[in-house]
2 protein chains.
Amino acid sequence: MSHRAMEGTGCSVERTLSLIDGKWKIVVLYKLLRGTLRFNELRRLIPAVTQRMLTHQLRELEADGLITRTVYAQVPPRVEYALSPRGWSLEPVILALKHWGDANLSSSEAKAA
Amino acid sequence: MSHRAMEGTGCSVERTLSLIDGKWKIVVLYKLLRGTLRFNELRRLIPAVTQRMLTHQLRELEADGLITRTVYAQVPPRVEYALSPRGWSLEPVILALKHWGDANLSSSEAKAA
DNA sequence: CCGGATCCAGGAGGATACTG
DNA sequence: CAGTATCCTCCTGGATCCGG
């Protein structure tokens, strides 16, 4: 669910969460850590996302100043997405998430049960 | 939307996200970093959450092995929530999130937490 | 190739009242 | 105190078609 409805409320943790809500935000940011990507490259890297949702999430990320969107007026169309400085500042958060996942889900994840 | 529907799919980042989805999961975990808390203590610390949602999120966190729930059979009832070892392992992630929020949202007031 | 527009279902999340 | 139980709204996110 979206945390966007509560922007402006709560503590810094809640405010931060509102920027990275949505089903794919973090994943998109994570993929962009490796460098600039075009729209369909992102689609291929995240097979489960639909183009509608990818577009939507990219727009929100852009609106929040976390990524940049560069359109090349040419045929065929070419749109490139990259992390903005603000987006790059999230790198520690994203990597912390990834490292935790690698450490806690990869080898023996059924531990919780 | 819940990420829980996609458990078992995608990369470790997506899998990790599925554990901390929901509007309040991270906030609850963050509050528990300071120590064991009772149900109503959590409610007071997170005023915007309803008891229904708090119960629900706590149940999911427990099911995912991130927190422990201890019921003291007495009157008045007493239920204490605390981070499990697995929950504690998320501390770096939660703190990374909080620090980013402090650094990027705090221009005016996000320091309150 | 990169989307926008529209339609739609489902469930996340809220309000309120009640209970052991 | 610590939840259940019900009802309800709205937004997320999927499917599909269309456009530049």
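Every chain is numbered from 1 and lettered A, B, ... according to where its sequence line falls, protein lines coming before strand lines. Just so we're clear, the structure is a prediction, and the values are computed from it rather than from any experiment.
Where B/Arg44 and A/Met53 meet DNA chain D, the nucleotide closest to each residue was compared, and B/Arg44 sits on the side nearer the 5' end. Nearer to the 5' terminus of DNA chain C, by closest-nucleotide assignment, is the contact made by A/Val79 (compared with the other of B/Val49 and A/Val79).
Atom-to-atom, CZ of A/Arg78 to P of C/dG3 comes out at 12 Å; the value is rounded to the nearest Å. Here the C1' atom of nucleotide C/dC1 and the CG atom of A/Leu37 are 15 Å apart, to the nearest Å. Between the C1' atom of C/dA12 and the NZ atom of B/Lys23 lies a distance of 9 Å, rounded to the nearest Å. Atom CD of B/Gln51 is separated from atom P of D/dT6 by 15 Å (rounded to the nearest Å). The distance between atom CZ of B/Arg52 and atom C1' of D/dT6, rounded to the nearest whole Å, is 9 Å. For B/Ile46 and C/dG13, the CD1 to P distance is 13 Å, given to the nearest whole Å. The NE2 atom of B/His56 sits 14 Å away from the P atom of D/dA5 (whole-angstrom rounding). Straight-line distance from the CG atom of B/Leu54 to the P atom of D/dT4: 11 Å, rounded to whole Å.
Contact between B/Ile67 and B/Leu58 at its shortest, heavy atoms only, is CD1-O, 3.5 Å. Residue A/Thr36 comes nearest to A/Glu41 through the heavy atom pair O-OE1, 4.4 Å, listed as atom of the first residue, atom of the second, then distance.
Distances shorter than 4.0 Å separate some side-chain N or O of B/Arg38 from OP1 or OP2 on D/dA2. Contact between the side-chain N/O atoms of B/Thr50 and the OP1/OP2 oxygens of C/dA15 is not found at any separation under 4.0 Å. Remark: B/Arg59 is in phosphate contact with D/dT4, judged by side-chain N or O atoms under 4.0 Å from OP1 or OP2.
Residue A/Tyr81 is in sugar-phosphate contact alone, with no base atom involved, counting any heavy-atom pair closer than 4.0 Å across all strands shown. If you check every strand for non-hydrogen atoms under 4.0 Å, B/Arg69 touches sugar and phosphate atoms only.
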Margin query: Does B/Gln51 form a side chain to side chain contact (heavy atoms under 4.5 Å, CB included) with B/Leu54? I'd like the steps, not just the answer.
Written below: CA-CA 5 Å; B/Gln51 72 284 55; B/Leu54 182 54; 5.5 Å; no
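Between A/Leu19 and A/Leu90 there is no side-chain heavy-atom pair separated by less than 4.5 Å.
Minimum atom distance to the side chain of B/Thr55 is reached by D/dG3, of the listed D/dG3, C/dG3, C/dG20.
With A/Ser84 contributing its side chain and A/Gly65 its backbone, the two residues share a donor-acceptor pair below 3.5 Å.
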